[in-house]
There are 2 protein chains.
Amino acid sequence: MVERTEQLDFLFLALADATRRSILALVAEAELSIGMIAQHFDLTFAAISKHIQVLERANLIRKERRGKEQMVLIVPASLTVAREHIARYEQMWEERFLRLDALLNDSATQESPTKTTKSRRSAAHGKAKRYQRPRQ
Amino acid sequence: MVERTEQLDFLFLALADATRRSILALVAEAELSIGMIAQHFDLTFAAISKHIQVLERANLIRKERRGKEQMVLIVPASLTVAREHIARYEQMWEERFLRLDALLNDSATQESPTKTTKSRRSAAHGKAKRYQRPRQ
DNA sequence: TGTTCGTTCAACCATGTAGTTGACTGATAG
DNA sequence: CTATCAGTCAACTACATGGTTGAACGAACA
């Protein structure tokens, strides 16, 4: 769980392109050579080769020589890193929401205890002090 | 669950920058104004303002005027879209792995039934025909 | 009604990305 | 050993991004 910030940059950058996401979907389904992948797109071989280098830099795939072509293999671990990183933001929000919810249920004169479900949006408390800079 | 490909581009692009991820972590913890956010970084106000526009374009945050400053509110739904999209690639891989696993357990003369756990890597079948281009 | 304060816009620079074409490399198959 | 074929590299174009500075905007307070 190293997750150097540069690695996350590369990871999300690699995902931020429709062609690369298509390639990822292809190689998630089957092991394909770079040439076979290229046939699926209206781009030059070189362009696909570059896209695959970007995916490789992000550690989302690796290449393996098989005969005279190179097979592209998906590396699911990096997908998991990305997914869990995103989940962390969701958890932070969720925990804050629950704290806020508890606070409201507490200070409100028990008129509807634990009834403030997640349909609540945009809780306007506005004075949250406790924040510390979580670099990255 | 619209997920236009451009929207995913913006979403992952917004996540592909350490400063923006920091901002996201800040606003996941607490509602902050743009000015308060800017104080956490060695960047100009304008630079932070631009970063926040990128996050807004990705639908990861929205702004809400409060008095004379503008509060930045996280929008967890887009995080979920991103996370679930990534999970889809993981599922595709997982399903392929399980199909492959079943195939191996089947053709192998029952010497170790259902024992080929996920420690197996790089299953060299090499002849997967059935792939159709899943645009995006 | 100003003025002020928080924020955005415009212009600019440097760098990165996505694509092309054409030359090059290097492992494999003959 | 050599020709071939899959893939990469280099150079170039066009455009996007991330940053700066300074001017402009717009809502709110006095």
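Just so it is clear: chains get the letters A, B, ... in the order the sequence lines come, proteins before strands, and each one is counted from 1. On a predicted model such as this, the values are computed, not experimentally measured, just so you know.
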From [options], nucleotide with atom closest to [X] side chain:
{"X": "B:Ile34", "options": "C:dT8, D:dT17, D:dG18", "value": "C:dT8"}
{"X": "A:Glu69", "options": "D:dA6, C:dT8, D:dG18", "value": "D:dA6"}
{"X": "A:Val54", "options": "D:dA27, C:dT20, C:dA18", "value": "C:dA18"}

Handout entry: A:Ala28 backbone acceptor or donor facing B:Arg96 side chain under 3.5 Å
Key = yes
With a cut-off of less than 4.0 Å, is there a side-chain N or O of [X] near OP1 or OP2 of [N]?
{"X": "B:Arg57", "N": "D:dT17", "value": "yes"}
{"X": "A:Lys50", "N": "C:dT20", "value": "no"}
{"X": "B:Thr44", "N": "D:dT20", "value": "yes"}
{"X": "A:Ser49", "N": "D:dT8", "value": "yes"}
{"X": "B:Arg20", "N": "D:dG18", "value": "yes"}
{"X": "B:Gln53", "N": "C:dT7", "value": "no"}

Handout entry: Aromatic ring proximity B:Tyr89/B:Trp93, centre distance under 6.0 Å
Key = no
I need the [atom1]-[atom2] distance between [X] and [N], as an integer number of Å.
{"X": "B:Glu6", "N": "C:dA18", "atom1": "CD", "atom2": "P", "answer": "15 Å"}
{"X": "B:Asp17", "N": "D:dT17", "atom1": "CG", "atom2": "P", "answer": "12 Å"}
{"X": "B:Phe45", "N": "C:dT7", "atom1": "CZ", "atom2": "P", "answer": "4 Å"}
{"X": "B:Leu13", "N": "C:dA18", "atom1": "CG", "atom2": "P", "answer": "9 Å"}
{"X": "A:Arg66", "N": "D:dG7", "atom1": "CZ", "atom2": "P", "answer": "12 Å"}
{"X": "A:Leu43", "N": "D:dT8", "atom1": "CG", "atom2": "C1'", "answer": "17 Å"}
{"X": "B:Ile52", "N": "D:dG18", "atom1": "CD1", "atom2": "P", "answer": "14 Å"}
{"X": "B:Phe41", "N": "D:dT20", "atom1": "CZ", "atom2": "P", "answer": "13 Å"}

Problem - Residue pair B:Phe12 / A:Asp17, side-chain heavy-atom distance below 4.5 Å - result: no
Handout entry: Criterion side-chain contact (heavy atoms from CB on, under 4.5 Å) on B:Gln7 and B:Asn59, from CA distance to verdict
Key = CA-CA 9 Å; B:Gln7 179 60 20; B:Asn59 211 32; 3.6 Å; yes
Handout entry: Of A:Arg65 and A:Ala46, the one whose closest DNA chain C nucleotide lies more 5'
Key = A:Ala46
Exercise for the section: Using heavy atoms to find the nearest nucleotide of DNA chain C for B:Ser33 and A:Phe10 separately, return the residue whose nucleotide is more 5′. Expected result: B:Ser33
Exercise for the section: Mind listing the closest non-hydrogen atom pair of B:Thr5 and A:Arg21 along with its distance? Expected result: O-NH2, 3.1 Å
Problem - hbond_proxy B:Lys68 side chain to D:dG26 base (donor-acceptor, 3.5 Å cutoff) - result: no
